[in-house]
Amino acid sequence: MSILVDQRSSTTGVELTVVVPSFNEIENVEPLIHLLGSALDGIEWEVIYVDDDSPDGTAAKVRELGQRNPRVRCVQRIGRRGLSTAVIEGMLASSAPYLAVIDADLQHDEKLLPRMLSTLKSDGLDIIVGSRYASGGAVGDWNKGRAAMSAIATRLARLVVPVPISDPMSGFFMLHRAAFERAMRRLSGHGFKILLDLFASTPTPYRFKELPYVFAERMHGESKLDSLVVWEYLMLLLNKLIGHWMPVRFALFAVVGGSGVIVHLTTLRLALISFTFPFAQSIATVCAMTSNFLLNNILTYRDQRLRGPKLAAGLLSFYAICSIGAFANVGIASAVFEQHYSWWVAGLAGSVVGVVWNYATSSVFTWRRR
Ligand code: GDD
Ligand code: MN
């Protein structure tokens, strides 16, 4: 027998890895592991928590239980955040042929896991999705706002995943390693919606089935779903829709730039009522740059939003960058115009150079990655 085979365990190794993304879930660790143990009796399973260095000490708690139970493992990430990338890295840390994802907060029904596994095996499928919206499933005690938001997000998902899946937002599913590997190099990894990302990224459509479950209420800890999560979801959709042609951030930056033109002309018209043209034009320019800066800060760069003193410093750097951009714009446009191109070709060429310059330099100096 090969020395690589551990004599104490069966020769089959782990069959199912349950990946659990976690952030501040310390009180839910022990109950979940206990529930997984009962639900997965008779299956060779392991659980991998992927914890983003939770301040409450979730990772230490997982390792403590791992000392008593070798099925329990922890990947602790430092200086990183993100539900989707946590799930991806948990899967990459496993060697099991079957991979499941379940939330750390006991809101998903772990008792469904054995049926997910047997269905996945027997029906020759790629992925089984736990669904709150299939018949027999439910969202539990959600307030109207959250339910409406989930319904809208589900509709929007159809734009990028044209398959009849009732709950593409689900964070509870199980798939074959091969199905994960087909998609893994194309995943965007943004935000919360790893299932949607998988469906939108696989080169060959997944053969899937949904199994209903009831979304339970959270007992301990808090939900991390906030406006940033919503923004990241929209970025994911846009990325899948237009990402082949241009980076989503650049597209947003250009749209904000377009809104700046409207701000500029409106301000100019109003300022001309009481000021001379050069002065009115200066006011309009500053207003447009400021509004572009603020919009980019909450829209294009929401994930790196500047606040407080950094906001002021960012604004100043943005003014400086845009001023150089305006010089480049005028210079290029005039040069093109002198080559006897029509006025609009020249104007457009100048604007494109200006916006590319502004985008490239502000992404380095104004909203540099922390
Ligand atoms: N590692 C890591 N990093 N884990 C995270 C992060 C993060 O930045 N943010 C959240 N998590 C973990 C939480 O600890 C929890 O285990 C799980 O991801 C889901 O987060 P919740 O904050 O509980 O989200 P939710 O209950 O509002 O949303 C759930 O249901 C949605 C359906 O409405 C999630 O399953 C979503 O994926 C799902 O779409
Ligand atoms: Mn939750």
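Using the six-membered ring where Trp is involved, Trp367 and Phe293 have ring planes that are parallel, under 30° apart on the 30 and 60° scheme.
Considering all non-hydrogen atoms of both residues, Met91 and Val101 come closest at CE-CG2, 3.4 Å. Annotation for Leu113 and Ala100: closest pair CD2-CB, 3.9 Å, computed over non-hydrogen atoms. Counting all heavy atoms, side chain and backbone alike, Met184 lies closest to Leu92 at SD-CD2, 3.9 Å. Between Phe365 and Ile321, the shortest heavy-atom distance links the atoms CB-CD1, 4.1 Å. What you find for Leu112 and Gly130 is that their closest heavy atoms are CD2-CA, 4.5 Å. Residues Val14 and Thr17 share a closest heavy-atom pair of CG1-OG1, 4.1 Å.
With rounding to the nearest 0.5 Å, the separation of OG1 in Thr154 from CD1 in Ile165 is 9.5 Å. The distance from the CE atom of Met174 to the CG atom of Leu99 is 9.0 Å, given to the nearest 0.5 Å. Note: Arg207 CZ to Leu125 CG = 7.0 Å, rounded to the nearest 0.5 Å. Taking OH of Tyr98 as the reference point, atom CG of Leu16 lies at 10.0 Å (rounded to 0.5 Å). Between atom CG of residue Asp51 and atom SG of residue Cys74 there is a gap of 6.0 Å, rounded to the nearest 0.5 Å. Taking NE2 of His220 as the start and CG of Asp105 as the end, the distance is 10.5 Å to the nearest 0.5 Å.
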Stepwise, does the side chain to side chain donor-acceptor pair (under 3.5 Å) test hold for Arg177 with Ser94?
CA-CA 9 Å; Arg177 168 167 297 282; Ser94 141; 3.0 Å; yes
Can Arg218 and Ser223 be said to form a side chain to side chain donor-acceptor pair (under 3.5 Å), step by step?
CA-CA 8 Å; Arg218 199 184 240 282; Ser223 170; 5.3 Å; no
Could you walk me through whether Lys209 and Thr119 pass the side-chain contact (heavy atoms from CB on, under 4.5 Å) check?
CA-CA 9 Å; Lys209 188 169 182 174; Thr119 316; 3.8 Å; yes
Evaluate the criterion side-chain contact (heavy atoms from CB on, under 4.5 Å) for residue pair Leu195 and Met169; output intermediate values, then yes/no.
CA-CA 7 Å; Leu195 180 69; Met169 306 289 131; over 6 Å; no
Could you check Lys224 against Leu83 for side-chain contact (heavy atoms from CB on, under 4.5 Å), going step by step and ending with a plain yes or no?
CA-CA 10 Å; Lys224 282 99 212 165; Leu83 176 46; over 6 Å; no
Evaluate Phe172 against Met116 for side-chain contact (heavy atoms from CB on, under 4.5 Å), listing each step before the verdict.
CA-CA 10 Å; Phe172 183 33; Met116 285 175 145; 4.0 Å; yes
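Around CZ of Arg269, the count of heavy atoms belonging to other residues, nucleotides or ligands within 6.0 Å does not exceed 12.
Listed by first and then second residue, the side-chain hydrogen bond (donor to acceptor under 3.5 Å, both in side chains) pairs involving residues 159-168 are Ser131-Ser166, Arg132-Asp167, Ser166-Glu210 (not counting sequence neighbours). Under the side-chain hydrogen bond (donor to acceptor under 3.5 Å, both in side chains) criterion, no residue pair touches residues 346-363, with sequence neighbours excluded. Within the structure, side-chain hydrogen bond (donor to acceptor under 3.5 Å, both in side chains) pairs that include any residue of residues 315-335 comprise Thr290-Tyr319, Ser317-Thr366 (at least two apart or interchain). Within the structure, ring-ring contact (aromatic ring centres under 6.0 Å, His included) pairs that include any residue of residues 261-290 comprise Phe275-Phe279 (at least two apart or interchain).
Other cluster members for Leu265: Val261, joined by side-chain heavy-atom distances under 4.5 Å among Ile, Leu, Val, Met, Phe, Trp and Tyr. Think of Tyr341 as one node in a network of Ile, Leu, Val, Met, Phe, Trp and Tyr side chains linked at under 4.5 Å; its network also takes in Ile332, Val336, Phe337, Trp343, Trp344, Val345, Val353.
Side-chain contact of Ser201 with Asp197: a donor-acceptor pair under 3.5 Å is present, judged by distance alone.
Hydrophobic clustering keeps Tyr49 apart from Val87 (ILVMFWY residues linked when any side-chain heavy atoms are closer than 4.5 Å, directly or through intermediates). Leu225 and Val20 end up in different hydrophobic clusters when Ile, Leu, Val, Met, Phe, Trp and Tyr side chains are linked at under 4.5 Å. Under the 4.5 Å side-chain heavy-atom criterion for Ile, Leu, Val, Met, Phe, Trp and Tyr, Leu237 and Leu198 are members of the same hydrophobic cluster. Hydrophobic clustering keeps Leu315 apart from Val263 (ILVMFWY residues linked when any side-chain heavy atoms are closer than 4.5 Å, directly or through intermediates). Under the 4.5 Å side-chain heavy-atom criterion for Ile, Leu, Val, Met, Phe, Trp and Tyr, Leu241 and Trp231 are members of the same hydrophobic cluster.
Note: Phe173 and Phe208 fail the aromatic proximity criterion, with ring centroids not under 6.0 Å apart. Within the 6.0 Å centre-distance limit, the rings of Phe199 and Tyr206 are counted as a close aromatic pair.
Counting only distance, with no hydrogens or angles, the side chain of Arg182 and the backbone of Thr202 share no donor-acceptor pair below 3.5 Å. Although no hydrogens or angles enter the test, the distance criterion places no donor-acceptor pair under 3.5 Å between the side chain of Asn69 and the main chain of Leu65. A donor-acceptor contact shorter than 3.5 Å links the side chain of Thr285 to the backbone of Gln281. Between the side chain of Gln107 and the main chain of Glu217, no donor-acceptor pair closer than 3.5 Å is present.
For Asn28, the side-chain hydrogen bond (donor to acceptor under 3.5 Å, both in side chains) partners two or more places apart in sequence, or in a different chain, are Glu25. In terms of the side-chain hydrogen bond (donor to acceptor under 3.5 Å, both in side chains) criterion, Asn239 has no residue partners (sequence neighbours excluded). Partners of Thr85 under the side-chain hydrogen bond (donor to acceptor under 3.5 Å, both in side chains) rule, at least two apart in sequence or in another chain, are Arg77. Residues satisfying the side-chain hydrogen bond (donor to acceptor under 3.5 Å, both in side chains) criterion with Ser84, sequence neighbours excluded, are absent altogether.
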I'd like a table of donor-acceptor pairs (distance under 3.5 Å, sequence neighbours excluded) in which one partner is a side-chain atom from residues 31-40, with atom names and distances.
residue : atom : partner : partner atom : Å
Ser38   : OG   : His34   : O            : 3.1

Pairs of donor and acceptor atoms involving the side chains of residues 243-259, under 3.5 Å and at least two apart or interchain, shall be tabulated with distances.
residue : atom : partner : partner atom : Å
His244  : NE2  : Lys240  : O            : 3.4
Arg249  : NH1  : Thr300  : O            : 2.7
Arg249  : NH1  : Asp303  : OD1          : 3.1
Arg249  : NH2  : Asp303  : OD2          : 3.0
Ser259  : OG   : Val256  : O            : 2.6

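Between Ser188 and Met235, every side-chain heavy-atom pair lies at or beyond the 4.5 Å cut-off. Residues Leu294 and Ile298 have side chains not in contact (no heavy-atom distance under 4.5 Å, counting atoms from C-beta outward). Side-chain contact between Val18 and Glu110 is absent, with no heavy-atom pair separated by less than 4.5 Å. Side-chain contact between Asp109 and Val214 is absent, with no heavy-atom pair separated by less than 4.5 Å. Side-chain contact check for Leu228 versus Phe192: every heavy-atom pair is 4.5 Å or farther apart.
Ion pairing between a basic and an acidic side chain is recognised when a charged N comes within 4.0 Å of a carboxylate O; Asp52 and Arg80 show no such pairing.
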